[in-house]
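No hydrogens, no waters, no symmetry mates; every other heavy atom, side chains included, goes into these values. Numbers restart at 1 for each chain; the letters A, B, ... are given by sequence-line order, proteins then strands.
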Amino acid sequence: MLEKNYEPKSFEKRIYDDWMEHDYFRAEIDPEKTPFTIVIPPPNITGQLHMGHALNNSIQDAIIRFRRMQGYAALWLPGTDHASIATEVKIVEQLKKQGETKEMIGREEFLKRAYQWKEQYGGRIIEQLKSLGCSCDWSRLAFTMDERCSNAVKEVFVKLYDKGLIYRGSRIINWCPDCRTALSDAEVEFEEEDGFFWHIRYPAKDGGEGVVVATTRPETMLGDTAVAVNPADKRYAHLIGKTLILPLVGREIPVVADSYVDMEFGTGCVKITPAHDPNDFEVGQRHNLEVIRVMDDGGVINENGGKFRGLDRYEARKKIVEELKACGALVKIEPHRHNVGHCYRCHTTIEPIVSRQWFVKMEPLAGPAIEAVRSGEIRFLPKRFEKIYFNWMENIRDWCISRQLWWGHRIPAYYCEDCGHTVVAKEEPSVCPACGGHRFRQDEDVLDTWFSSALWPFSTLGYPEKTADLAYFYPTDVLVTAYDIIFFWVARMIFSGLEHMGKIPFKKVLFTGLVRDAQGRKMSKSLGNGIDPLEIIDKYGADTLRFSLLNGIAPGGDTRFSEEKVEGCRNFVNKLWNASRFVLMNAGEEVPKPDPDRFTLADKWILHRLNEVTAEVNANMERCELGLAGAKLYDFIWSDFCDWYIEMAKPLLYGEDLPAKKNTLAVLISVLTDTLKLIHPFIPFVTEEIYQKIPGASGSIMVAAYPAEREDRRYPGEASAMESVMEVIRSIRNLKAEMGVPPAKKLNFYVVEHGGDAAHKASLYLEKLGNAAEVRFLKEASELSGQAAVINSTLFDVYLAMGELVDREKELARLAAERKNAEAELNRARGKLSNQGFVSKAPQALIDAEREKAEKYARLCEQIEEKMRALGG
RNA sequence: GGACAAUUAACUCAGCGGGAGAGUGCUUCCUUCACAUGGAAGAAGUCGGGGGUUCGAAUCCCUCAUUGUCCACCA
């Protein structure tokens, strides 16, 4: 028997342990089965479970449970990401507290501390996923820096290098002066900021007035090596080729012509700093300009900055502006709002800097990756995200993959200490192929975290070894991820899979939205509006949290989360709990089998409805429309099963007719069991807890077969008749409420059938659910005079004998309103039918339906009028 | 500057060519033995504005408005 109250805490942990003990999560290679694979987006080892994780992993778990129950060899492969920058920042913070720095303890010791940190905290989020109910195959738990993944990283690096797709070069990159590392383009976040536009005069060497340039970063002038104007700009045509004197510095710089310059913007003259601006860098390349780097790795002016050396970039800016003003070179200052790039980890303003880094050549990789999505081989859900993907892939620039950090995959490049020759290899070479030397120095840098994440769908399965797992489970079926990492991760997995496996990494990408707060704001640490999923689990249980995240969501759509919504879902789970309790209370030890010959109208209706819902849920699960599937189940359980079927079952259950009683119980159990299975992927714990108590149920619900549509549960005729009966019952209740009859007051019902037997079959429900004293059947209603109110329906009419309670005026008014409604419907149907266009062009079925409606309402109008005449209206 | 999305009941959202739906909230009634985390009934929306296509538009097309997001980054 179930406990009186639904208390998730009392069983969630026990059930999860039980699942683990039975090894239900473990995926076995089975040639008889079709594989279905999901690889988890590996959470950072620094991470704590937040709502985004909760949503994302609830979705994955629902999908994998659904497929597992369907009979697939379902693998959900879990793991964590070493999160290079994020983790390194944490370790550095920790060191700082102890008064230490990276440099003080050295690389080896630093890595030791980092691994310790990983051991201590890296498993935290895994435990949190377990409390959410995630059915990951923990025996395959991976880590981006474990031996397997590291081996894949080295393999891929060497392969790409040998193919010429990885190169080392001095290019302009995004530099974070705080993290002191290079970043890829994707790691820069732009934000609008108020700044200034400083107009500075650069005089000509020959004593002419020169030009005025405008800049937002005056400190970069220390590295200027030219001024550019548009070749078509008549204003400056005479200056092209002339020499200017760089103020404060005194360097002679040329005026060059380059079409990059926009004549309309600013003064039409652009100072060119090849070492500190991406566009200027390109201009510099075209004109062979000198590249003078004036800032060091900390954003401090270096020896090339002359007297400004040692000043931080902002101090230098202030000082330079002052001096320009003093020497009269500063023409004017304008306020200027512009976008400034920031580090996505520490939010420091990015400094574009020329630096020697490792890059992946993107163009040859992007082509096939675009094609895989364009051809539909990989499908994005929803499709609109494909456009974002194409836009990025088609304009992609080479990917800067080296990071000046210690925590991560160290670049497998070795430099000969004797001749400087570079060897890229998985292991340190013993002999230099160039000079025969034996001493090597490995590259100091590590790889971008996303370099290893890009290999995740196959590195976790054993690549480059040809493992059985890789052969069986790759490519994976669906990737579930938030849309904000489409560039960081999704795109890179696609080209990596194609390049290294020769196959797409996944067939579908299901994008999740952002979880927002009740006001629609993004949940964030700084706003302090985040809700901790662990607190919700603690308070309401994991099932409730899962259902409140899954119910009603749409692929790619953001969702609002509020405790109010959570309460609603808790109430729903509680409802299911109590409905189950009701069924189990009435069930004995034996397992009754439903007997189709004894099915009542209500039985057939609920089985038909269950069948419809089963079909809809299956279809929506196939399409990854979990939100719709959840909503269908919610409605079915609450409205159809609880509000109606259980109520209809009660009179039989409490009655004397033993076979009827047994059969009703059998239907109840059968419907409940299938419903539990259908909703198990959403709320796994509570469904398991209930399932275990159902007589005759064996094993775990999580490995039971997922219900499919059944031909022997189709009763369209009876279902429709039952719906009519339900409609009449609703009308009876409504009528009593409107006429001011207390709900507890039992009335006599007189029923007149319109030639069928629906009311005869449903008389029990009319009596119990309509709260009648007695239900009698009449041939016609003439004998009821004015002592009864009437409910008309297509199949039969119900007269409620109210004796003196009937208020003639009220009943007349009610009938008049009903007639008005029926007439409106009749007119609408007739209007359509008299529309030549409709009759000639609409589908025949629709026209027939409209004709039927017209007839039905015409008949109804007559009945109502007859009744009104009888009342003397 | 470009792209994408949203705009439906007080709130949160479904519906996406054939009669406006749900949940929450609100109003009234009901403690009957699964559940008051409940039951019954009800009020509530010219489906953002304007055009168009169609026999028929919340649904398709155009346009405008508002909101949000992403990309680009003209110094």
Side chain of [X]: nearest nucleotide among [options]?
X	options	answer
R570(A)	C35(B), U37(B), G18(B)	U37(B)
N578(A)	C35(B), A75(B), A14(B)	C35(B)
R516(A)	U69(B), A14(B), A34(B)	U69(B)
D643(A)	C70(B), A34(B), A40(B)	A40(B)
T216(A)	C35(B), A34(B), A75(B)	A75(B)
T215(A)	A75(B), C35(B), A34(B)	A75(B)
N571(A)	G39(B), G38(B), C35(B)	G38(B)
D635(A)	G18(B), G39(B), A22(B)	A22(B)
Y654(A)	G18(B), A34(B), C4(B)	A34(B)
R730(A)	A41(B), G23(B), G39(B)	A41(B)

Would you kindly give the [atom1]-to-[atom2] distance between [X] and [N], to the nearest whole Å?
X	N	atom1	atom2	result
K383(A)	A5(B)	NZ	P	12 Å
Y483(A)	C70(B)	OH	C1'	9 Å
F380(A)	C4(B)	CZ	P	16 Å
Y634(A)	A14(B)	OH	C1'	14 Å
E563(A)	U24(B)	CD	P	16 Å
R384(A)	G68(B)	CZ	P	17 Å
W638(A)	G23(B)	CH2	C1'	9 Å
M585(A)	A34(B)	CE	C1'	6 Å

Classify [X] by what it touches in the nucleic acid, base, sugar-phosphate, or nothing, heavy-atom distance under 4.0 Å.
X	answer
A631(A)	nothing
K4(A)	sugar-phosphate
E850(A)	nothing
E825(A)	base
K650(A)	base
P278(A)	nothing

With sequence neighbours excluded, what pairs up with E7(A) under the side-chain hydrogen bond (donor to acceptor under 3.5 Å, both in side chains) test?
->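 Counting only residues at least two positions away or on another chain, E7(A) forms no side-chain hydrogen bond (donor to acceptor under 3.5 Å, both in side chains).
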In whole angstrom, give me the gap between the [atom1] atoms of [N] and [M].
N	M	atom1	value
C13(B)	G25(B)	C1'	14 Å
C29(B)	A34(B)	C1'	22 Å
C26(B)	A44(B)	C1'	9 Å
U31(B)	A40(B)	P	15 Å
G50(B)	A14(B)	C1'	27 Å
A57(B)	G17(B)	C1'	7 Å
G39(B)	U54(B)	C1'	46 Å
G15(B)	A22(B)	C1'	10 Å

Can you sort out the partners of K387(A) under salt bridge (charged side-chain N to carboxylate O under 4.0 Å, His left out), two or more places apart, ordered by chain and number?
->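 Residues passing salt bridge (charged side-chain N to carboxylate O under 4.0 Å, His left out) with K387(A): none at all.
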With a 3.5 Å distance limit and no angle check, can you tell me whether [X] reaches the backbone of [Y] through a side-chain donor-acceptor pair?
X	Y	result
R546(A)	F682(A)	yes
R492(A)	F488(A)	yes
E187(A)	S184(A)	yes
N339(A)	E192(A)	yes

Hey, can you pull the donor-acceptor pairs under 3.5 Å for the side chains in residues 568-575 of chain A, sequence neighbours left out?
residue: N574(A); atom: OD1; partner: N578(A); partner atom: ND2; Å: 3.3

Looking at [X], does any N or O in its side chain come under 4.0 Å of the phosphate oxygens OP1/OP2 on [N]?
X	N	answer
N734(A)	G42(B)	yes
R733(A)	A41(B)	yes
K575(A)	G39(B)	yes

Checking side-chain polar atoms at under 3.5 Å, does [X] have a donor or acceptor matched by the opposite partner on [Y]?
X	Y	result
D558(A)	Y483(A)	yes
K271(A)	T220(A)	yes
Y236(A)	N230(A)	no

Quick one: the dot-bracket string of RNA chain B, using Watson-Crick and G-U wobble pairs with both distances under 3.5 Å, [ ] for crossing pairs and | for bases paired to another strand.
-> ((((((((.[[[[.)..(..]]]].(((((.......))))).....[[[[[..)....]]]]])))))))....
Going by atom type alone, with no hydrogens or angles, which donor-acceptor pairs under 3.5 Å involve a side-chain atom of residues 254-262 of chain A and a protein atom two or more places apart or on another chain?
residue: D258(A); atom: OD1; partner: Y260(A); partner atom: N; Å: 2.9
residue: D258(A); atom: OD1; partner: R286(A); partner atom: NH2; Å: 3.1
residue: D258(A); atom: OD2; partner: R286(A); partner atom: NE; Å: 2.9
residue: D258(A); atom: OD2; partner: R286(A); partner atom: NH2; Å: 3.4
residue: D258(A); atom: OD2; partner: H287(A); partner atom: NE2; Å: 2.8
residue: D262(A); atom: OD1; partner: E264(A); partner atom: N; Å: 2.9

Check: protein-nucleotides 71-74 of chain B nitrogen or oxygen pairs below 3.5 Å:
residue: C71(B); atom: O2'; partner: N391(A); partner atom: ND2; Å: 3.3
residue: A72(B); atom: N6; partner: N339(A); partner atom: ND2; Å: 3.3
residue: C73(B); atom: N3; partner: N339(A); partner atom: ND2; Å: 2.3
residue: C73(B); atom: N4; partner: N339(A); partner atom: ND2; Å: 2.9
residue: C74(B); atom: OP2; partner: N279(A); partner atom: OD1; Å: 3.3
residue: C74(B); atom: OP2; partner: N279(A); partner atom: ND2; Å: 2.0
residue: C74(B); atom: O2; partner: D262(A); partner atom: OD2; Å: 3.1
residue: C74(B); atom: N3; partner: D262(A); partner atom: OD2; Å: 3.1

Would you kindly compare E625(A) and A829(A) by the position of their nearest RNA chain B nucleotide and give the one closer to the 5′ end?
->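 Nearest-nucleotide comparison on RNA chain B picks E625(A).
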Polar side-chain contact R560(A)-U12(B) base: donor and acceptor under 3.5 Å =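 Flag unset: no donor-acceptor pair detected.
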Hey, is the side chain of K387(A) pairing donor to acceptor with the base of C4(B) inside 3.5 Å?
->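 No, the side chain and the base share no sub-3.5 Å donor-acceptor pair.
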Electrostatic pair E351(A):R217(A) at N-O distance under 4.0 angstrom |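 R217(A) and E351(A): salt-bridged.
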Can you establish whether the number of heavy atoms outside E852(A) located under 6.0 Å from its atom CD is more than 12?
->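 For E852(A), atom CD is not crowded (no more than 12 foreign heavy atoms under 6.0 Å).
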